[in-house]
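Heavy-atom basis, side chains included; hydrogens, waters and symmetry copies ignored. We count ligands from 1, going down the list as the structure has it; atoms in each ligand are counted the same way.
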Amino acid sequence: PSLARGATAPFEAVSWNDIGGLWSVKQRLKQAVEWPLRHADAFRRLALSPPRGILLHGPPGCCKTTLVRAAASASGATLICLSGTQLYSMYVGQGEALLRDSFKRARLVAPSILFLDEVDSIVGKRSSHERGADLSARLLTSLLSEMDGLERAEGILVMGATNRPQALDAALTRPGRFDLTLYVPPPDEQGRLQALRIHSRTIPLAPDVDLSYIATCTGCFTGAELAAVCREAALAALREDVIQASEVHHCHFLKALHTVQPQLSASDLAKF
Ligand code: ATP
């Protein structure tokens with residue numbers, strides 16, 4: 001599949017196997033993204049209408065962007081990415097033009113996924129100044145009209161990600177727009193073990209490394225933080241012996257746990 005950010009930089013493809021845990025989210029996405037894009041004929045025969053838009057929400061660093069990339073790779077769709085912050089920070093008119101252009105491109109290269117990261121910053125910004133409120137309103141109107149315009153288009157899916165679903169305008173979650181909303185939680189213990197295995201697969205691990213143990217003591221860690229634990233463990237080995245270090249030991253992972261701390265507590269996470 002071809003993967004593109006905005007107009008240019010290509011992404012590295014990722015697969016479902018690069019994502020630890022999140023079994024039910026992955027399953028729902030396979031059905032909602034992969035099946036309709038890969039088996040459009042079967043959906044037509046059975047008069048099934050796949051979702052037009054899927055919204056992923058959850059704490060930062062929990063794999064929302066990576067899930068979208070995996071869904072695009074698995075379904076052979078071209079991925080077009082737009083960041084809400086980028087659109088919001090553009091000059092008046094430019095953000096809407098980029099939005100329109102991206103939908104046009106999504107139609108041209110279908111099957112495609114148009115990914116709006118930080119969608120809340122396009123349409124949820126509580127701006128104290130007039131220009132901000134006006135810009136938000138204009139971007140929201142453009143987005144809604146583009147999404148409504150997709151009704152007749154086939155093979156195009158809009159995916160959005162946000163850490164603040166409550167900030168989104170209710171119009172966005174009406175049927176035909178983001179009609180499927182999935183919560184992407186931090187990984188559970190099994191998921192953390194998988195994520196640790198994924199992020200340490202290129203690191204030479206000594207036989208004493210017990211990733212299951214590390215998974216038990218990383219309760220509130222996000223996937224991004226677990227990736228940082230693996231990186232920090234390798235750095236700890238390097239710091240110990242920069243000339244000869246060739247393996248990472250369990251003690252290096254324990255050191256890494258002192259350096260990398262979870263940003264969100266259990267009570268913060270419960271609010272998502
Ligand atoms: P944000 O809300 O800050 O944009 P996000 O939810 O989109 O974050 P990603 O950008 O997908 O998170 O993930 C950040 C990093 O963490 C990636 O390198 C990804 O591989 C890793 N990661 C997050 N969750 C997992 C997981 N469950 N398994 C493996 N890696 C993970």
Main-chain N/O of Arg52 paired to Asp179 side chain as donor or acceptor, under 3.5 Å: yes

Side chains of His252 and Glu240, donor plus acceptor under 3.5 Å: yes

For Ala195, atoms of ligand 1 separated by under 4.0 Å from a heavy atom: 28 (N), 29 (C)

Nearest-neighbour protein heavy atom for atom 2 (O) of ligand 1, which is reported as residue plus atom name and distance: Lys64 NZ, 2.9 Å

Glu146/Arg107 under salt bridge (Lys or Arg N to Asp or Glu O under 4.0 Å): CA gap, chis, key distance, verdict: CA-CA 11 Å; Glu146 290 295 342; Arg107 280 190 198 90; 3.7 Å; yes

Closest protein heavy atom (residue, atom, distance) for atom 4 (O) of ligand 1: Thr65 OG1, 4.0 Å

Per-atom contacts, ligand 1 versus Gly20 - under 4.0 Å to a heavy atom: 26 (C), 27 (N), 28 (N), 29 (C)

Heavy atom of Leu67, distance to ligand 1 below 4.0 Å: no

Proximity of Val184 to ligand 1 by residue part, where a heavy atom lies under 4.0 Å: neither

Test item: side-chain donor near acceptor, Trp16 and Gln27, under 3.5 Å: no

Any N or O of Ile19 closer than 3.5 Å to N or O of ligand 1: no

Ala227 heavy atom under 4.0 Å from ligand 1: no

Protein residue, atom and distance nearest to atom 20 (O) of ligand 1, heavy-atom basis: His199 CE1, 3.5 Å

Taking atom 12 (O) of ligand 1 as the reference point, the nearest protein heavy atom with its distance: Cys63 N, 3.1 Å

Ring-ring centroid check Tyr183 His57, cutoff 6.0 Å: yes

Shortest non-hydrogen separation from Ala71 to Ile113 and the atoms involved: C-CD1, 4.3 Å

Polar proximity ligand 1 side, Gly61 side, N/O cut 3.5 Å exclusive: yes

Atoms in ligand 1 flagged as close to Asn163, the criterion being non-hydrogen separation under 4.0 Å: 2 (O)

Donor-acceptor pair, side chain of Thr181 and main chain of Leu55, under 3.5 angstrom: no

For Asp18, the ligand 1 atoms whose distance to one of its heavy atoms is below 4.0 Å: 29 (C)

Heavy atom of the protein closest to atom 11 (O) of ligand 1 (residue, atom name, distance): Thr66 OG1, 2.5 Å

Transitive ILVMFWY side-chain link Leu144 to Leu168, under 4.5 Å: yes

Protein contact to atom 16 (O) of ligand 1 [nearest heavy atom, distance to 0.1 Å]: Ala224 CA, 3.1 Å

Glu225 and Thr218, any side-chain heavy atoms less than 4.5 Å apart: no

Ser265 versus Asp268, side-chain donor and acceptor atoms under 3.5 Å: yes

